[in-house]
Structure formats: C-alpha cells, structure tokens
Amino acid sequence: MDKWNRELLDKYCREYSVGIVGFAPPGEESLVGAQLKGFPLFIHTNLRLKDAQLNAASPILRLTRSGETAWGPLPGGDWTIFQANHSTYEPLAWAHRDSLDYPTNRSPLATVIQDHGRYDGIQRVLFGGGLRFWLHKLLLLDSLSYLSHGQLSLSLNRMILVDVDDIFVGEKSTRLKRDDVMALLATQQRIQALVPGFKFNLGFSGKYFHHGTAEENLGDDMLLENVDRFTWFSHMWNHQQPHLYENVTHLQLDMALNKQFAKDHGIPTVSGYSVSPHHSGVYPVHEGLYEAWKRVWNIKVTSTEEYPHLRPARLRRGFIHRNIMVLPRQTCGLFTHTIFIERYPGGRDKLDESIQGGELFQTIVYNPINIFMTHMSNYGNDRLALYTFESVIKFIQCWTNLRLSSSPPLKLGEHYFQLYPEEADPVWGNPCDDQRHQKIWSRNKTCDQLPRFLVIGPQKTGTTALYTFLSIHPAISSNLPSPDTFEEIQFFNGKNYYKGLDWYMSFFPASKNESSRYLFEKSATYFDGELVPRRAHALLPRAKLITILLSPARRAYSWYQHTRVHGDPVANNYSFHSVITASDTAPKPLRDLRNRCLNPGKYAQHLERWLSFYPPQQLHIIDGEQLRQNPVETLHELQRFLKITPAFNYSSHLRYDPKKGFFCQVTNEDRTKCLGKSKGRQYPPMEDKSYKFLQRYYLSHNTALVKLLKRLGSRTIPQWLKEDLTDTVMT
Ligand SMILES: Nc1ncnc2c1ncn2[C@@H]1O[C@H](COP(=O)(O)OS(=O)(=O)O)[C@@H](OP(=O)(O)O)[C@H]1O
C-alpha cells in the first residue's frame, strides 16, 4: 500500500477504533529476521512448523480453548513467524520448527501475534500464513470478535441432532446385533455427559422389522426393549420414495401402516418429525408428501439436503411450506454403504482429519444447529458412526468453548427459524436445472410446464391488450385462467407463491408439441413487486421479460379510475388530486392508496431491481403509446426479440376500431373483437394541476429512466417521456 493510502487507513482505524487482521503472504525469498517496515517487528519466512499451542493469557481467545498441543506438522512449508521487541506485541499462537528440516530448536515461534496498539494506536492481529491450519481458522473468528468489540461474534451455543435412518431396513449382515445396540446405548450415555439432551433419533420402517439374521433380529428386539432411551421418527413403511406415489391416498395408507407398527411396538408417535428416503418429495416439493404427513402423522418439521442445492452444505437453507418446517441437513461423510472405519473414503486418516479440525469439526463450529443423517448400517460392524460422533464431540470440547446441546426436532425447528426468520419464505427453483432435483421429482411433471417469457406490467399500461394479441399467435400460449385473478396468475408477488410450484405449473398444462410452444404469463403487478425479480429469477433464470412503459402520470390516473370502478372506498372518497398530493400526515388508508397509485411509476427504480437479477439482453421494453397506436409493429418487434419463427403476420389480425378507439382483434371480414369495457375506459381528462404535480413528482425518476434507456442501448426515447420532461423544465 502506498504511503498516502496507508496514512489514510491508519487515520481511519485510529479515529473509529477499527482493528486490522493481517496475513503474511507467502514469498519466494526466505527472509531471516527481516524487519516489517515501520514496526518493531521481525519476520522469518518459509518455515516448516509443527506442534501448535495457544497463549492461554491472550484476551482474544473466546471460542477457541487453550491448553492442549495440536501435535504434528502444520500444513504447508511456507510459514512466517514473528519476533518482536516491543511490549505492544503478544503472541496468540506458537509452533515449533519441524525437526525434519531444521536442527532441534526448542523455543516456540509466534505464528499469530496480537498488536495491542501501544506503538501506533492501532490494534492488529497478524497471521503468519493463510488459513490452511484449522486452529488458525478458529483464531480468525476470535480475532474478528475481539477487534469488532464483540459485534462480529458467533454465539457459543451449538445444537446437534443425529438421525439414525433405516432402522430395521438394512440387508442381512449389515444390521445391528445386541452388542451393537449395547454399544449404541453406552456411547449415547457418554455423549449425554458432554451434550445435554442428546439422544440418537431413530427413523424406522416397520415393514422390515425382523428381516435380518437370527442375531440381528435380537438386535431389533433390543432396540424396542430400550424404546424410551431414544427419540423416534417415522421413515416410510416400506422405504419407498414418496415422489413415486402419484396418489396421496396410497401414500397415506403406507404411512398409516408404519404408524400402526409404531403403536403395536410401543414406539412414540408424537415427535412431529419425519424424513423421506433420499430426501425425495421434500424439495423439490411433492405436495402429496406434505399432505399425507400432515394427515397421518401431524408432521411439523423435517430436514433435507437438497435445498436449494446439495452442495456446498454450508449454503443449505431452511424453509417453511404448509406449516412444515424444513431444516437444512449438514454432511458428516457417513453414507449407507460407509460401514467400516478403514473403508471410509480416503481411509481412517481422512476421517480423523475431518474430525480433528477438518470438515466435520468446522461444520459444527460454523452452524448453530446441526442435523446429521446417518444410517443403521453405520452403527454395526466396527461402529464407524459411534467413533465419529464421540470423537468429534470430544475434539470440540478439547479445543473450543462451544456449549453443545441437543433437543427434540420440533424444538430445534422452532429455534432454527428464530435464528433465521428470513429463511422461512421458500425460494422455488427449477427442478430441471439440477440433476439431483430432477431425479427426485414426480414422473408426471415435465420441464415444459414453465413459461418462457413473462409480461411483467406495470398495471394500466396495456398489458391486457398485449396478452390478448399474443394469445392469437399460433405458436404462443398463455396460462390457463385463474378463478380468482382471471388471466393473471400473480404467483411471484403475493400469497400464491406459498401455494408452491405444483400449483403454478398447473396453469401450464403440458401438450404434445411443447418445444415449439412459447408459454408465457402476464401479471401486471410483477413489475414493482419487491420480491418478484429474485423469485422469478430463481425459477426462470432464462425467461425473457416484457415490460410496457407509458407516461407514469397517465398511468397513475388510469389506475385511479380503475380503482374507483372497482369500488375502493378511499378512491371514491377522494379526488385524484387529493390522492396524489396526500401528505405523510394524511390518514393511513389515503397514504396507502397514494403509494399504490404512484410507486409503480418509478420505472427506473423497479427496472434496476429486475436488472440486478436478469441480464439486459433478456429484457424488452415496449413503448405503451406505440402499442396503443401501432400494435402490429409492436408485436412484430416483440417476435423478433423472442426469436419466434416463422413470424406471425399481425397486420391481417388487428384492426383499428373507431367505435372503441383502439385496435381490436379481427374475427372476420367486417367484425372485430375488442377488449371489454374495463379496458379503454371513458373518463374526464386529468386536471392540468395534477399533471403538472406528477411531472414534478416523477422528474428524478424519469431522468433516471432516460439514463437507463441509454445505458441499455435505446436509440430513441419515447415521445411521452420527452414530453413529461420538457414540460417540467418549461413550467
Ligand atoms: N387495444 C387496446 N384496447 C383497450 N385498451 C388498450 C388497448 N391498448 C392499450 N390499452 C390501454 O390499456 C389500459 C389498461 O391497461 P392494462 O390492461 O394493463 O390494465 S390492467 O392493469 O390489466 O388492469 C387501458 O387504460 P384505460 O384507457 O385507462 O382504460 C388502455 O388505455
């Protein structure tokens, strides 16, 4: 960093009490006792180190616990260590030279050092290398917490739930014998001493009870003899994937069999938790599963790996659908077929690495709530899962101050959404964009039941005319009508979104020659809906977007007239001028109406939101005046944008109807079919004072729109936009 910037940064840090975390970059040159410019601090580089320890007296330690030695070499051979001769410095971690490379040198070398700020007024923590070493990752968390005066601190509470799935399901000779069940209970007891509330959570499929060898059947019996010492949840009766059931009644019947089995064998049925094999049906959602779960088991919480995608595990989120909380699962590396420690992928060393500071350890460090899925087969043979969980829990106890605990799934779910309330709303993605999602999606759903383009509004710009004219096109099909909102589905912007993807897709029935069909949907309220671009993009990232713009002032006036006709009491009580000029102290209903009337006209702002999700090439802007006066040309341009070939010639299908005062659809030689009375209404012209007010109101928004259109490469600026701006300048 040059001197000027450095001084600026230092000044900022001193004034606002901001600390610095620094990392020594690896260098080709090996330095010995080189002084860090401007500091009483010296470094040695490119060292091999081993046996790390922490400074128990350091005020930085919070999550990390000192006292032990992390024996063995530190990863990499290019470590930097620090030597200081000023009281401002205090080591945070030490290591020793690796004797393979160097003659024995017993004095510990500081690999992480704290600068208390006594030298130049700035607090720092300097790391002698990157973050390859797991212990340094913990120290980074603590450094951030310390330097941010506690503002960047993770809670120290961690919850763990271990599901043991496929109870009774495994093939002969992979199942639990009495010894294994005893080991399970003994380990559980030891873990309970470290993790209050811990119980293995057993997921059973009753159909396969007593399907093992004679010895294994005794193991089944022993599990049931100890039924109260575990928590239990229903898997599927026959381990069938729920998305393969087309019929919810069959699904229910199978679930009822498992419930009956539970009752007959004293297994509790009130946990409110269940999981489905291979996570199928949970996400992408198979509505039948949710329905049957609710009816048979009153399920309130489940967990899955697939949402939004399988990997990386740390990006998985939760959501709530039909009042069922779906929690993300973490990965522990144990799968149905990983049944011997030595056959763990990469061998025992890899497993130990994951436990001792590696992936599994860090999963627990970074996630306040951890749900792990394991299988019965992981607990037989050499009891890989028992070794894994007991070891990682002990390692956590040894190296961290984390407070581990466990709770039944329902409590865990409630706690999860208290921590992450923003995750409650689901985000529906396209199951065909992820092979794993597609695999666990129902057979009777296709990928062609989604629109290829959206007409997003805004309201009152001519969206119904465009929708109607597009529907004449032989290659274009709109959605089926909705009983509530007619031609509009209004999926992405309101409560309908919570009805799920199946509901949305039911508006686009599959037909035979799908590939040649251009499915589309128009919902005029999408344009200014806060959440719509994000949601639309999650589901339809390649969709084209069509918007129609006309003078925001005229649009607002048309909307007001529309709202009056629809019987809105506030619109009927107040003149247009009173609505648009309502102040922030006006009664709430009036302010709300004002906002609903005026906000959609802030075009640039809304378009920018769409453009933060979609590339500009996918957006087509129609001039609303052109649509009104020359729909034929407008539709030809639109076809070119959509790349629809052969182009449909609209000139013989649309004709100006002098009586209606608009273009209408030609039905035969001398007849036309126009839009209904609610489109192209008769109402008095807008008062001049209102128009002038709105010109001023929209000035900054219209100016931003001109800039945006230019940025998007528009060669012409719509006439209405020029007029709105010119008139404003003149008044
Ligand atoms: N061909 C044709 N026929 C009838 N109306 C037409 C046509 N082209 C554009 N318009 C203008 O469309 C305005 C209604 O816009 P929307 O259909 O988007 O309204 S809505 O948001 O769906 O309610 C409607 O607004 P009003 O004039 O205020 O009724 C019309 O001006």
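Counting starts at 1 for both ligands and their atoms, following the listed order.
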Between OG1 of Thr634 and CD of Gln629, what distance do you get to the nearest 0.5 Å? 9.5 Å
Which of the numbered atoms in ligand 1 are below 4.0 angstrom from a heavy atom of Arg628? 31 (O)
Using the six-membered ring of Tyr498, assess whether NZ or CZ of Arg535 lies under 6.0 Å from its centre and within 45 degrees of the ring axis. yes
Enumerate the atoms of ligand 1 whose separation from the nearest heavy atom of Gln459 is less than 4.0 angstrom. 21 (O)
Please list, in number order, the atoms of ligand 1 under 4.0 Å from a heavy atom of Thr464. 16 (P), 17 (O), 18 (O), 22 (O)
Where's the contact between Leu675 and ligand 1, heavy-atom distance under 4.0 Å: side chain, backbone, both or neither? side chain
Close side-chain approach of Tyr691 to Arg554, heavy-atom, < 4.5 Å: yes
Would you kindly check if the NZ (Lys) or CZ (Arg) of Lys544 is within the cone defined by 45 degrees around the ring axis of Phe641 and under 6.0 Å from the six-membered ring centre? yes
When rounded to the nearest 0.5 Å, the distance separating NE2 of His537 from CZ of Phe492 is 11.5 Å
Relative to ligand 1, is Lys522 under 4.0 angstrom through side chain, backbone, both or neither, heavy atoms considered? side chain
Looking only at non-hydrogen atoms, the one of Gly680, Gly462, Cys674 nearest atom 9 (C) of ligand 1 is Gly462
Could you give the distance from CG (Asn479) to CZ (Phe520), rounded to the nearest 0.5 Å? 7.0 Å
Contact atoms of ligand 1, heavy-atom distance to Ala465 under 4.0 Å: 1 (N), 2 (C), 7 (C), 8 (N)
So do His321 and Glu287 actually touch side chain to side chain, heavy atoms under 4.5 Å? yes
Please determine whether any non-hydrogen atom of Leu627 lies less than 4.0 Å from an atom of ligand 1. no
Who gets closest to atom 10 (N) of ligand 1 by heavy atom: Tyr467, Phe662, Phe469? Phe662
Region of Gln561 engaging ligand 1 - heavy atom pairs below 4.0 Å: neither
Looking only at distances, can you tell me whether any N or O atom of Lys660, backbone or side chain, sits closer than 3.5 Å to an N or O atom of ligand 1? no
Any heavy atom of Tyr683 sitting closer than 4.0 Å to ligand 1? yes
Enclosure of Lys294 NZ (heavy-atom neighbours >12, cutoff 6.0 Å): yes
Ligand 1 and Glu487, any nitrogen or oxygen pair closer than 3.5 angstrom? no
State the atoms of ligand 1, each with its element, that fall below the 4.0 Å cut-off from a heavy-atom position in Ser558. 25 (O), 26 (P), 28 (O)
Side-chain contact test, heavy atoms from C-beta onward, threshold under 4.5 Å: evaluate it for Trp720 versus Leu549 and give yes or no. yes
Contact check, side chains of Val326 and Tyr290, non-hydrogen atoms, under 4.5 Å: yes
For atom 16 (P) of ligand 1, state which one of Leu550, Thr463, Thr468 supplies the nearest heavy atom. Thr463
OG1 of Thr461 to CD1 of Ile548: how many Å apart, nearest 0.5 Å? 4.0 Å
Within the structure, does Thr461 bring an N/O atom to less than 3.5 angstrom of an N/O atom in ligand 1? yes
Protein residue, atom and distance nearest to atom 20 (S) of ligand 1, heavy-atom basis: Lys679 NZ, 3.5 Å
With a 4.5 Å cut-off on side-chain heavy atoms, are Ile456 and Pro533 touching? no
Just to confirm my output: which protein heavy-atom neighbour is closest to atom 21 (O) of ligand 1, and how far is it? Lys460 N, 2.9 Å
Identify, for atom 1 (N) of ligand 1, the protein heavy atom at the shortest distance, and state residue, atom and that distance. Phe663 O, 3.0 Å
